[in-house]
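Throughout, protein chains are lettered first and strands after them, A, B, ... in sequence-line order, and every chain is numbered starting at 1. None of these values were measured; they are calculated from a predicted model.
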Amino acid sequence: MAEKKIPQFWLMKTEPNVFSFEDLVKAPNRTTCWEGVRNYQARNFMRDTFKNGDQVLIYHSNVAEPAVFGIALVVREGYPDLHALDPKSEYFDEAAKTKGISPWVMVDVKATHRFKNPVYREQLKKEPEVKTMMVLQRGARLSVQPVSNEHFDLIVKLGIPFKV
DNA sequence: GCCAACGTTGGC
DNA sequence: GCCAACGTTGGC
């Protein structure tokens with residue numbers, strides 16, 4: 001039986017002083033592995049639910065004006081994040097090293113569109129249709145989040161995407 | 001810089 | 001299995 005392709009949408013947070021949307025655009029083939037996620041719920045999304053072709057909003061967090069800056073495409077589905085086994089990595093995980101196997105997962109994403117107008121958190125909170133989205137809720141720390149089709153569409157409309 | 005919210009750890 | 005203590009996230 002043919003598998004029906006249901007488009008899925010996500011939001012991933014990044015601290016731009018560590019890795020920004022523009023860093024992704026400048027990366028070889030505009031692609032990078034999304035390493036260092038160390039939260040089980042976020043990992044499970046990447047391991048179990050992310051599919052090639054899913055679209056991801058790239059959100060800058062922990063800055064004065066948090067915002068969505070563009071869109072990326074999932075180009076490789078979940079695979080082991082071996083940074084966890086590397087003592088030199090800032091994402092080293094002592095327990096994983098002891099077991100000799102990384103329980104953590106990453107995906108590869110490729111920048112596809114830059115927003116002409118970054119969609120700021122302040123702006124989103126004023127939009128009745130999107131103010132319910134997860135990233136806007138108080139204390140929502142999950143760094144990989146599902147986004148509904150409707151929320152994705154509205155954010156894209158506000159952002160005015162151009163191919164990178 | 002502050003601090004609320006959250007996830008994880010570890011004693012019991 | 002409970003829950004207090006702790007460390008981190010991330011908006012403000």
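Just one residue in the list A:Arg121, A:Lys13, A:Gln145 forms a side-chain hydrogen bond (donor to acceptor under 3.5 Å, both in side chains) with A:Tyr59, and that residue is A:Arg121.
A:Thr31 places no side-chain N or O within donor-acceptor distance of the main-chain N or O of A:Ala27, the cut-off being under 3.5 Å. With hydrogens and angles ignored, the 3.5 Å screen pairs a side-chain donor or acceptor of A:Gln137 with a backbone N or O of A:Met133. When atom types are taken as modelled, the side chain of A:Arg114 and the backbone of A:Gly70 share no donor-acceptor pair closer than 3.5 angstrom. Judged by distance alone, with hydrogens and angles left aside, the side-chain atoms of A:Asn52 form a donor-acceptor pair with the main-chain N or O of A:Arg76 at under 3.5 Å.
Sorted by residue number, the members of residues 60-67 of chain A with any non-hydrogen atom under 4.0 Å from DNA chain C read A:Ser61, A:Asn62, A:Pro66. Proximity of residues 136-144 of chain A to DNA chain B (heavy atom under 4.0 angstrom from any strand atom) is restricted to A:Arg138, A:Gly139, A:Arg141.
Using a 4.0 Å cut-off between charged side-chain N and carboxylate O, A:Asp81 and A:Arg43 make no salt bridge. The pair A:Arg47-A:Glu77 does not meet the salt-bridge criterion, since no charged nitrogen lies less than 4.0 angstrom from a carboxylate oxygen.
Ring geometry for A:Phe69 against A:Tyr120 counts as perpendicular: the plane angle is over 60°, on a 0 to 90° scale with 30° as the lower cut.
Inspection of the A:Trp104 and A:Asp93 side chains reveals an N or O donor paired with an N or O acceptor under 3.5 Å.
Applying the 6.0 Å contact sphere to CD1 of A:Ile160 captures more than 12 heavy atoms from other residues, nucleotides or ligands.
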Contacts under 3.5 Å, N or O only, protein and nucleotides 8-11 of chain B:
none

